[in-house]
Colleague: 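I'd like to ask you about the structure that follows.
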2 protein chains.
Amino acid sequence: MEKTIHGRPYIETKKGPILTPCAPNGVLARLGDKWTILVMSILALDPARALRFSEIKNGIPDISQRMLTLTLRNLERDGLVTRHYFAEVPPRVEYELTPMGKTMLPALEGFTGWIRDNWQAIEQARQRFDRAGRS
Amino acid sequence: MEKTIHGRPYIETKKGPILTPCAPNGVLARLGDKWTILVMSILALDPARALRFSEIKNGIPDISQRMLTLTLRNLERDGLVTRHYFAEVPPRVEYELTPMGKTMLPALEGFTGWIRDNWQAIEQARQRFDRAGRS
DNA sequence: CCGCATCCCCGATGATACTG
DNA sequence: CAGTATCATCGGGGATGCGG
């Protein structure tokens, strides 16, 4: 009886389908936050290479130290990024994608690729919509 | 000189790559909000069929009337959804995916498909991480 | 160099009540 | 039935300073 769309289970009723709240929603919300995709993109530039905290920070304009720390901590918690701490002076910390993190790249590529191909059309649609607004 | 990763332009410097802020970031932020993907998923169940406001609302547990209205308005503004108003009593309003909206489905499917295949591993990673925390 | 704690602001979201 | 208006709330995220 239970089917799925986009990984989300739903049930058919006489009044139509009803999406069932489930774990994937939470994962999607995490990945869709303000910085996660950008951090993943930076690490994806050369998936074989580990990057220092400061290299990542420099690569993402406007991200604060606090938000980068939080974002990396969440990615580490989710098993998508590994953290390597070197107890030197001054300390050095490197991050790299885990095997699971690397499997995400093609899926991410498909989604961001669509955006790359369509964001201009979206921009135009927005302008048309806004212009039509004040009649 | 300029390359792109995941649709985002970046520049190479001696200190490493730097992502350039650009429009796609805004589009991603919109799609990543709390309800947009869920609304798209409902409309994707049968892309050929238009759904009434109340049908969509019933299909998404816990969404408020206000947030559904706002989400649909944004999708309409972005050119991803069309709104059809029927001046009857009581009024009837139907929504359906635009052609551009439909082109988004495969990309979305790829991304949510990865989540479907990996969210359990992510859950486990989180539990491991949290358990390791309190030492 | 890297990360955490604290304070603070604002926008996203929700609850409720009211119109065409 | 669908949408709007208003008010309350909550958490993301920015700024700053300290600590290892």
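Computed from a predicted structure; not experimentally measured. Naming: A, B, ... by sequence-line order, numbering from 1 per chain.
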Colleague: Could you tell me the separation between the CD atom of B/Glu88 and the P atom of D/dG3, rounded to a whole number of Å?
Modeller: 13 Å
Colleague: OP1 or OP2 of C/dC2 less than 4.0 angstrom from a side-chain nitrogen or oxygen of A/Thr69, does that happen here?
Modeller: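 No.
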Colleague: Check the distance between C/dG3's P and A/Phe86's CZ and give it to me in whole angstrom.
Modeller: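 The distance from CZ of A/Phe86 to P of C/dG3 comes to 12 Å, rounded to the nearest Å.
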Colleague: Quick one: label A/Tyr95 by what it contacts on the DNA or RNA (base, sugar-phosphate, nothing), any heavy atom closer than 4.0 Å.
Modeller: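 Result for A/Tyr95 = sugar-phosphate.
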Colleague: Among the nucleotides C/dT13, C/dC1, C/dC2, which one has an atom lying closest to any side-chain atom of A/Pro90?
Modeller: C/dC1
Colleague: Would you tell me if any nitrogen or oxygen in the side chain of B/Arg30 comes within less than 4.0 Å of OP1 or OP2 on C/dA12?
Modeller: no
Colleague: So do the side chains of B/Asn74 and B/Thr36 get within less than 4.5 Å of each other, counting heavy atoms only?
Modeller: no
Colleague: Separation of B/Leu72 atom CG from D/dC1 atom P, in whole Å?
Modeller: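 Rounding to the nearest Å, CG of B/Leu72 and P of D/dC1 are 17 Å apart.
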Colleague: State, with a plain yes or no, whether a side-chain heavy atom of B/Glu94 is found less than 4.5 Å away from one of B/Arg49.
Modeller: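 No, their side chains stay 4.5 Å or more apart.
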Colleague: Is any side-chain nitrogen or oxygen of B/Lys34 closer than 4.0 Å to OP1 or OP2 of C/dG14?
Modeller: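 Result: yes.
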Colleague: Could you report the tightest heavy-atom contact between B/Tyr95 and B/Arg73, atom names first, then the distance?
Modeller: OH-NH1, 3.8 Å
Colleague: Report the distance from atom CZ of B/Arg73 to atom C1' of D/dA2, rounded to the nearest whole Å.
Modeller: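 Rounding to the nearest Å, CZ of B/Arg73 and C1' of D/dA2 are 9 Å apart.
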Colleague: Where the side chain of A/Arg66 is concerned, which of D/dG17, C/dG20, D/dG14 is the nearest nucleotide?
Modeller: D/dG14
Colleague: Quick one: sort the A/Phe111 and B/Phe111 rings into parallel, tilted or perpendicular, breaks at 30° and 60°.
Modeller: parallel
Colleague: Consider the side chain of B/Val93, meaning its heavy atoms from C-beta on, and name the nucleotide among C/dG14, D/dA2, C/dC2 that approaches it most closely.
Modeller: D/dA2
Colleague: Quick one, A/Arg30 and B/Ile122 - any side-chain contact, counting heavy atoms below 4.5 Å?
Modeller: no
Colleague: Both B/Phe53 and A/Asp33 contact DNA chain D. Taking the nearest nucleotide for each, which residue is further toward the 5' end?
Modeller: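 The 5'-side residue here is B/Phe53.
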Colleague: B/Leu38 has an atom CG; how far is it from atom P of C/dT13, in whole Å?
Modeller: 12 Å
Colleague: Give one of base, sugar-phosphate or nothing for B/Gln65, where a contact means two heavy atoms less than 4.0 Å apart.
Modeller: base
Colleague: May I have the distance from A/Asp62 (atom CG) to D/dG12 (atom C1'), rounded to whole angstrom?
Modeller: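 For the pair A/Asp62 CG and D/dG12 C1', the rounded distance is 16 Å.
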Colleague: CD of A/Glu94 versus C1' of C/dC1: gap in Å, rounded?
Modeller: 13 Å
Colleague: What's the closest nucleotide to the side chain of B/Arg52 if the choices are C/dC1, C/dT13, D/dC1?
Modeller: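 Within the option list, the nearest is D/dC1.
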Colleague: How long is the line joining CD1 of A/Ile60 and C1' of D/dG13, in whole Å?
Modeller: 15 Å
Colleague: For a quick test of reading the model: is some side-chain N or O of A/Ser54 closer than 4.0 Å to OP1 or OP2 of C/dC2?
Modeller: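 It does, given that an N or O in the side chain of A/Ser54 lies less than 4.0 Å from OP1 or OP2 of C/dC2.
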